[in-house]
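Taking it in order: structure first as structure tokens, then the write-up.
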Amino acid sequence: MRFAIIGGGIAGLAAAFELEKARAAGAQIEYTIFEARERMGGSLASQIVNGVVIERGPDSFLTEKPAAAELCRELGLGAELLPSNDASRKTYILIRNRLVALPDGLMFLVPTKLIPTALTRLFSFSTKVRMALELLHPPRPSGLPDEAVAALVERHFGAEAVDRLADPLLSGIYGGDAASLSARTVLPRLVEMESQYGSLTRGMLAAHRQMRDRARVAAKNNGHAKSGTGGPPAPRPIFTALRGGMQQLIDALTARLEPASLRLSTPVSAIAKTTNGWDVMFTGGAESYDALIISSPAWAAGVLIAPVDAALGEELAAIPYSSSITINLVYDEAQLGPLPDGFGFLVPGSEGRAMLACTLVHRKFLGRTPPGKAVFRAFLGGVRNEALLTETDEALVAIVRRELSEILGEKTISLGAEPEYTQVSRWRRAMAQYAVGHQERAARIAARVASLPGLRLAGNAYDGIGIPDCIRLGRQAAKELLTSGS
Ligand SMILES: Cc1cc2nc3c(=O)[nH]c(=O)nc-3n(C[C@H](O)[C@H](O)[C@H](O)COP(=O)(O)OP(=O)(O)OC[C@H]3O[C@@H](n4cnc5c(N)ncnc54)[C@H](O)[C@@H]3O)c2cc1C
């Protein structure tokens, strides 16, 4: 059986890995990955420059979702997994050009601790009163139509919480904005809590209690209580990275695959459904396959699939995408004044800055930056500022240096302080946006795909934007095709 995979990002490579495992176990299969660019990996790309790990795309994945760490272990990268330095985890929000730390007890946008919420400078007095009254919020019936994250957050905590919390957090994750992202897709737990408890704060506290009780029971069952030595297991780090950068995952995956199966610089220009399978067309050739996984972005998948199934093509094309820019600046610490504690800061749109967020890379993951160096990783672009993509590298670096100096202060990072190394990476239409109604759209897409034998879709457009979800969907697509026999 012959499989084609279109798109060699992490989803496509994970699918190929699953096929390679089946082949190595004796299944009579062949596979080919068609990748438009000259390298595999899609958004995952990093390099080591003078001992500093520079991430051009994602720098880590959420530990809570197991698929990425599992794959790393299967690839022999277990010892390379690096937890985030949560002991110094602190994130700031820029409010009127001052960095204000997120208050303790904030869980998924929901304040759960009274005193830190009462004392924070993040919210005005009237928002704090509103947050206290939120405890009395009545339940919302389930089954109502989807709505924007902004509508959900504003109903509970007011417009300021959207501007200062929901929007910057979501633009940091999706490059998107709270006014268009789907509450049901992006914050499903909060939607459930609202229908069960009314108040999100009460819902979050109840969930926290249940988690604590479950952890206690698990610890007891594991014998910690009996042995009296271990106590409950250490909390998981929020993020996990790879010591040598996310490129390690791409290199380990491609090293496992059949070299002849990897077709770089080969964009697929068209596909056609045949009686028994699929034809794949590319510059200089066409090949026939029994099964096809399209793991390109949905907008590219839509173009390919439209001649086969116009309605499916339209649904795929309708999934919006945002573009972003990452800018890494490496400094000699001797050139800088003391930096704020923590992982970095987020910038609300109302601050009128180009930067959406900035990570202090040397703080977030220890051991990936040599001592004496500081690495800033700024995010720009997103749905509100796509025009920045056309700026030159020099102009973008100048913008980030000026904004860092204005935000952190001349004494901390003066305009005269020259970075030792800079790197600008543009990610055009790389991040799918789960707009209001996304789940219904995803269900319609799944139904149409099910009517086309031998076809599966994978990638960040469908059921999770992060690396673990893309891996899960890629592997699942391959497994389903292997078991269905087509
Ligand atoms: C700047 C940035 C930071 C991020 N940070 C994080 C993070 O910290 N943690 C996290 O979990 N996630 C993060 N993400 C999200 C995550 O990286 C992506 O969602 C994920 O990598 C997408 O993988 P994918 O395989 O679906 O798509 P992609 O990586 O986009 O791969 C799709 C591939 O398809 C190829 N392609 C397109 N058309 C064709 C064609 N016609 N023929 C052949 N090939 C084609 C493309 O060239 C591309 O290589 C980040 C994303 C970006 C852009």
Side-chain angles (χ1 to χ4, degrees), residues 4-16 32-46 55-65 67-69 84 171-176 238-242 245-246 249-250 253 262-271 280-283 292-305 316 319 321-328 343 356-357 359 361 364-365 377-382 424-434 457-474 477:
I5 297 172
I6 302 176
I10 188 62
L13 290 173
T32 306
I33 310 188
F34 295 93
E35 169 50 51
R37 295 185 188 139
E38 71 296 341
R39 59 171 289 279
M40 291 287 174
S43 303
L44 275 69
S46 53
E55 295 284 8
R56 304 167 67 106
D59 66 353
S60 57
F61 46 81
L62 275 178
T63 313
E64 169 185 56
K65 298 194 169 197
S84 50
S171 59
I173 301 172
Y174 291 88
I238 305 281
F239 304 105
T240 300
L242 285 161
M246 298 311 294
L249 175 55
I250 301 306
L253 272 168
L262 310 179
R263 305 261 185 94
L264 292 172
S265 305
T266 314
V268 170
S269 51
I271 57 172
V280 172
M281 275 69 86
F282 48 92
T283 313
L292 175 61
I293 296 172
I294 309 184
S295 46
S296 66
W299 47 266
V303 173
L304 295 175
I305 207 79
L316 292 169
I319 296 177
Y321 272 75
S322 72
S323 303
S324 58
I325 306 166
T326 58
I327 300 181
N328 281 281
F343 285 2
L356 296 172
T359 306
V361 174
K364 188 170 173 186
F365 295 101
R377 185 161 175 269
F379 284 83
L380 283 75
V424 177
S425 306
R426 291 173 184 74
W427 298 104
R428 287 195 170 79
R429 298 181 80 192
M431 207 75 118
Q433 302 291 296
Y434 298 153
L457 303 177
N460 73 12
Y462 311 107
D463 186 27
I465 191 86
I467 295 168
D469 289 311
C470 294
I471 292 173
R472 173 178 57 81
L473 290 179

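Ligands are counted one by one from 1 in listed order, and the atoms in each one are counted from 1 as well.
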Below 3.5 angstrom, do we get any N/O pair linking Gly459 and ligand 1?
-> no
Closest approach of any protein heavy atom to atom 34 (O) of ligand 1, naming residue and atom | Gly7 CA, 3.3 Å
Contact check: Met431 vs ligand 1, nitrogen or oxygen atoms, below 3.5 angstrom | no
Which heavy atom of the protein is the closest neighbour of atom 49 (O) of ligand 1, given with residue, atom name and distance?
-> Glu35 OE1, 2.7 Å
Distance from atom 20 (C) of ligand 1 to nearest protein heavy atom, with residue and atom = Cys470 SG, 3.9 Å
Interatomic distance, Asp463 atom CG to Leu457 atom CG [nearest 0.5 angstrom] = 12.5 Å
Counting from 1 in the order shown, the ligand 1 atoms closer than 4.0 Å to a non-hydrogen atom of Asp59 are 8 (O)
Nearest protein heavy atom to atom 6 (C) of ligand 1, by residue and atom, and its distance?
-> Pro58 CB, 3.1 Å
Are there protein heavy-atom neighbours of atom 27 (O) of ligand 1 below 4.0 Å?
-> no
Keeping the roles fixed (side chain from Arg429, backbone from Ala432), state whether a donor-acceptor pair exists under 3.5 Å.
-> no
For the residue pair Phe365 and Asp59, establish whether any side-chain heavy-atom pair is separated by less than 4.5 Å.
-> yes
Nearest protein heavy atom to atom 31 (O) of ligand 1, by residue and atom, and its distance?
-> Gly9 CA, 3.3 Å
Ala458, portion touching ligand 1 at heavy-atom distance under 4.0 Å = neither
Numbered atoms of ligand 1 (with element) below 4.0 Å of Phe34, judged on heavy atoms = 43 (C), 44 (N)
So CE of Met40 and CD1 of Ile33: to nearest 0.5 Å the spacing works out to 4.5 Å
Do you see a donor-acceptor pair shorter than 3.5 Å between the side chains of Thr240 and Thr63?
-> yes
For atom 25 (O) of ligand 1, what is the nearest protein heavy atom, given as residue, atom name and distance?
-> Ala11 N, 3.0 Å
Output for pair (Leu13 CG, Glu35 CD), nearest 0.5 Å, gives 8.0 Å
Keeping the roles fixed (side chain from Ser46, backbone from Met246), state whether a donor-acceptor pair exists under 3.5 Å.
-> yes
Contact region, Met40 to ligand 1, non-hydrogen atoms below 4.0 Å, reads neither
Pull out every atom of ligand 1 sitting under 4.0 Å from any heavy atom of Ile6, numbered as shown with elements.
-> 40 (C), 42 (N), 43 (C)
Indicate yes or no for a side-chain donor-acceptor contact from Thr326 to the backbone of Arg56 under 3.5 Å, with no hydrogens or angles considered.
-> yes
Could you tell me which atoms of ligand 1, counted from 1 in the order shown, lie closer than 4.0 angstrom to a heavy atom of Trp427?
-> 1 (C), 53 (C)
Of all the atoms in ligand 1, which lie at a distance below 4.0 Å from a heavy atom belonging to Leu44?
-> 21 (O)
Side-chain contact test, heavy atoms from C-beta onward, threshold under 4.5 Å: evaluate it for Tyr462 versus Leu316 and give yes or no.
-> yes
Gap between atom CD1 of Ile6 and atom OG of Ser296 - 0.5 Å precision = 7.0 Å
If we number the atoms of ligand 1 from 1 as shown, the ones under 4.0 Å from a heavy atom of Gly42 are 29 (O), 31 (O), 49 (O)
Can you pull out the closest protein heavy atom to atom 9 (N) of ligand 1? Residue, atom name and distance to 0.1 Å, please.
-> Ser60 O, 2.7 Å
Give a yes or no on whether the ring-centroid distance for Phe239 and Phe61 is below 6.0 angstrom.
-> no
Are the side chain of Trp299 and the backbone N or O of Tyr321 linked by a donor-acceptor pair below 3.5 Å?
-> no
Check whether any N or O atom of Asn460, backbone or side chain, sits under 3.5 Å from an N or O atom of ligand 1, and answer yes or no.
-> yes
If we only count N/O pairs under 3.5 Å, is Ala36 in contact with ligand 1?
-> yes
Mind checking whether Ile10 has an N or O less than 3.5 Å away from an N or O of ligand 1?
-> yes
Just distances here: any N/O of Ile467 and N/O of ligand 1 closer than 3.5 Å?
-> yes
Top protein contact for atom 16 (C) of ligand 1, by heavy-atom distance = Ile465 O, 3.7 Å
Is the backbone N or O of Gly176 less than 3.5 Å from a side-chain atom of Ser322, with the two atoms forming a donor-acceptor pair by type?
-> no
If you measure from OG on Ser60 to CD1 on Ile467, what distance do you get to the nearest 0.5 Å?
-> 7.0 Å
Per-atom contacts, ligand 1 versus Ser324 - under 4.0 Å to a heavy atom | 1 (C)
Any donor-acceptor pair under 3.5 Å from Asn328 side chain to Val361 backbone | no
Should the proximity of Ser296 to ligand 1, defined as any heavy atom under 4.0 Å, be assigned to the side chain, the backbone, both, or neither?
-> both
N or O pair under 3.5 Å between Ser43 and ligand 1 | yes
Does Ala300 approach ligand 1 within less than 4.0 angstrom via side chain, backbone, both or neither, non-hydrogen atoms only?
-> side chain
Starting at CD1 of Ile327, measure out to CZ of Phe379 and round the result to the nearest 0.5 Å.
-> 10.5 Å
Could you pull out, from Val268, Ile271, Ile33, Ile325, the option with a heavy atom nearest to atom 40 (C) of ligand 1?
-> Val268
Any donor-acceptor N/O pair, Arg426 side chain to Ser323 backbone, under 3.5 Å | no
What atoms in ligand 1 come closer than 4.0 Å to a heavy atom of Ser295?
-> 32 (C)
Are any of the N/O atoms in Thr326 less than 3.5 Å from those in ligand 1?
-> no
